[in-house]
Amino acid sequence: MDPERLPVPGVVRLPDGRFVYDDTPATIVPTAPQQYPAPAPVVVQHIHHAPPDRTVQRIALGSGVGAGAVVAGVYFGPLLVGVLTAMAANLAMLAFLAAVMAWGVVTIVRSVGGSDGKAAAKRLGRKGR
């Protein structure tokens with residue numbers, strides 16, 4: 001057997017001529033670290049209504065009032081708009097009812113009263129103008 005070519009892969013010949021066992025197996029090949037594919041980018045899209053008006057918040061924060069005023073503006077602002085809208089709708093309905101009732105009174109007075117009713121209806125119609 002040729003000492004230069006030993007059949008045992010774990011034996012190594014040192015420069016001084018001695019043979020020693022090599023602890024590291026000859027089959028270990030350094031491998032690159034495993035690379036994973038990059039994750040797909042996450043696209044966050046917010047699709048909703050127009051952003052709320054932040055005037056109250058800007059005024060509150062600009063004057064140094066603090067978070068309480070900001071919360072009040074955010075919470076009570078829409079409530080105030082809703083209440084005012086409901087009040088306006090009620091007033092519009094009352095005005096419509098008043099106009100219909102006045103028209104009904106004038107019509108009844110004209111049809112029932114004869115010549116005196118027509119004169120009264122004219123006088124009542126002029127007062128409304």
* Apart from Leu79 itself, what residues make up its hydrophobic cluster when side-chain heavy atoms of I, L, V, M, F, W and Y under 4.5 Å apart count as a link, directly or indirectly? -> Tyr75, Phe76
* Considering residues at least two apart in sequence or located in another chain, which fulfil the side-chain hydrogen bond (donor to acceptor under 3.5 Å, both in side chains) criterion with Asp16? -> Arg18
* **Leu84 CG to Met87 CE distance, which is reported to the nearest 0.5 Å** => 6.0 Å
Let me check something: any side-chain donor-acceptor pairs from residues 100-107 under 3.5 Å, sequence neighbours excluded? List them with distances.
unit_1, atom_1, unit_2, atom_2, d
Thr107, OG1, Trp103, O, 2.7

